[in-house]
> 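Input: one structure, supplied below.
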Amino acid sequence: MIFGSQSISAYTRLNMSVWMILAFQAGLLNIGGFMACHSFVSHVTGFATLFGIEAGGGNYLHAIGLLLVPLFFLLGAMISAFLVDVRLKMGRKPKYYIVFGVIFFLILVVEIAGFNGAWGKFGEPLAFTRDYVLLSLLCMICGVQNATVSLVSRSVVRTTHLTGITTDLGIGLMRVFYRRKIPEYRASNEAQANWMRIGIITFFVLGSAAGYQWFRNWEFRGFIFPTVIAGLLFFSALYFQVIRRPDRL
């Protein structure tokens, strides 16, 4: 991803390092959104459930707000598909550096707006239009990130939520337990995949734990930490994919 290669190996050391960093960043964004307005960010299933509850209770404006937020996750995934998947299908190089740039820009907007009071009081209940705007931006960031990692790993890796990764880990562990009875096990990358899944879960949790301390002390200024991470990934990708392109070496 950093070098912009069209052929992505699922378990190269560099790619796995980037995925762990993105999982840590996702943990930060989720805990930041939750502590800011009491709602998880990348939990689309949760938004659908809350929409049903609010709509069933007659709180239609709140229900519409809850429905709009995950649509921004979808929009983020579409942006990633345009910059990566569509270009690959057309035989062109994917624009990974632009993907990282979009993530960096959106987190920077969240940080600057929060620093200037645009999101209101940190920790207020989810009730105001500004809260839905904040969640929508964070959801879009997660959509861009999750779709990109899913595409480059051929739908093996997710970094913004843990349901799929935990499911795959459960399946992978059973394959390890019965490896002597599975003929094709030796030819598979199941052991590497399991360590990758454990790593993503661990780094997501670490990001949430670290984020709790940072956001508790820094409030909206805590978004500076995922901003720095996204900025480093963006400028690294920009350097290797644009400034120092392989065809110039």
Side-chain angles (χ1 to χ4, degrees), residues 1-12 14-30 33 41-42 44 68-113 133-161 164-165 196 200 203-204 207 223 226-249:
M1 292 176 69
I2 293 297
F3 298 108
S5 173
Q6 288 179 280
S7 178
I8 302 296
S9 173
Y11 305 114
T12 64
L14 178 60
N15 277 337
M16 289 183 69
S17 298
V18 172
W19 297 339
M20 301 307 149
I21 292 170
L22 290 174
F24 185 86
Q25 176 179 278
L28 288 175
L29 294 177
N30 270 271
V41 174
S42 61
V44 176
L68 289 176
V69 172
L71 290 180
F72 279 83
F73 188 98
L74 176 64
L75 178 60
M78 292 173 66
I79 291 172
S80 172
F82 173 73
L83 294 170
V84 178
D85 187 59
V86 172
R87 294 186 65 83
L88 285 172
K89 300 298 184 185
M90 297 172 63
R92 299 177 181 177
K93 289 186 177 181
K95 301 289 187 178
Y96 295 120
Y97 67 94
I98 299 182
V99 170
F100 285 123
V102 169
I103 293 173
F104 172 57
F105 173 75
L106 291 175
I107 301 178
L108 186 63
V109 168
V110 170
E111 166 63 20
I112 293 174
V133 175
L134 170 60
L135 288 176
S136 296
L137 287 174
L138 293 175
C139 224
M140 186 187 299
I141 294 165
C142 288
V144 173
Q145 176 178 314
N146 206 55
T148 302
V149 175
S150 177
L151 286 168
V152 302
S153 67
R154 299 182 180 90
S155 300
V156 172
V157 183
R158 305 289 194 276
T159 58
T160 64
H161 55 276
I165 286 289
M196 176 272 296
I200 286 177
F203 274 85
F204 187 98
F223 283 107
T227 302
V228 169
I229 293 172
L232 290 173
L233 290 172
F234 165 58
F235 288 112
S236 296
L238 183 67
Y239 175 75
F240 286 109
Q241 296 174 32
V242 178
I243 299 173
R244 192 185 178 211
R245 293 204 311 260
D247 57 3
R248 292 182 179 177
L249 300 179

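Positions are given from 1, in the same order as the sequence printed here. Below, each value reflects all heavy atoms present in this structure, side chains not excepted, and no hydrogens, waters or symmetry copies.
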> Please examine the side chains of Val99 and Val84, heavy atoms only from C-beta on, and report whether any two atoms are closer than 4.5 Å.
yes
> Kindly write out the residues that satisfy side chain to side chain contact (heavy atoms under 4.5 Å, CB included) with Thr227, not counting sequence neighbours, or none if the list is empty.
Phe104, Ile107, Leu108, Glu111
> In sequence, state the C-alpha distance, the side-chain angles, and the governing distance for Phe204 and Asn30, and then conclude on side chain to side chain contact (heavy atoms under 4.5 Å, CB included).
CA-CA 9 Å; Phe204 187 98; Asn30 270 271; 3.8 Å; yes
> Does Ser42 reach the main-chain N or O of Cys142 with its side chain, forming a donor-acceptor pair under 3.5 Å?
no
> Determine the minimum heavy-atom distance between Met20 and Phe203, stating which atoms define it.
O-CB, 3.5 Å
> For residues 73-81, which side-chain N or O atoms pair as donor and acceptor with protein atoms under 3.5 Å away, sequence neighbours left out?
{"unit_1": "Ser80", "atom_1": "OG", "unit_2": "Thr148", "atom_2": "N", "d": "3.1"}
{"unit_1": "Ser80", "atom_1": "OG", "unit_2": "Thr148", "atom_2": "OG1", "d": "2.7"}

> Ile200 and Val157: side chain to side chain contact (heavy atoms under 4.5 Å, CB included), yes or no, with the steps?
CA-CA 9 Å; Ile200 286 177; Val157 183; 3.2 Å; yes
> From Leu138 CG over to Met140 CE, what is the distance, rounded to the nearest 0.5 angstrom?
10.5 Å
> I need the Gln241 CD to Tyr96 OH distance, nearest 0.5 Å.
8.5 Å
> Going by side-chain hydrogen bond (donor to acceptor under 3.5 Å, both in side chains), name the residues that satisfy it together with Gln145, two or more places apart in sequence or in a different chain.
Gln25, Thr159
> Quick one: side chains of residues 228-235, donor-acceptor pairs under 3.5 Å with protein atoms, not counting sequence neighbours, listed by atom name and distance.
none

> Between atom CD1 of Ile141 and atom CG of Leu106, what is the distance when rounded to the nearest 0.5 Å?
5.0 Å
> How far does CG of Leu28 sit from CZ of Phe223, to the nearest 0.5 angstrom?
9.0 Å
> For Ser150, check side-chain hydrogen bond (donor to acceptor under 3.5 Å, both in side chains) against everything at least two apart and list the hits.
Arg158
> Could you measure the distance from the CZ atom of Phe72 to the OG atom of Ser136? Nearest 0.5 Å is fine.
4.5 Å
> List in chain and number order the residues that pass side chain to side chain contact (heavy atoms under 4.5 Å, CB included) with Ile98, two or more places apart in sequence or in another chain; answer none if no residue qualifies.
Leu83, Lys95, Val102
> Quick one: list whatever passes side chain to side chain contact (heavy atoms under 4.5 Å, CB included) with Tyr239, sequence neighbours left out.
Ile243, Arg244
> I need the Thr160 OG1 to Ile165 CD1 distance, nearest 0.5 Å.
10.0 Å
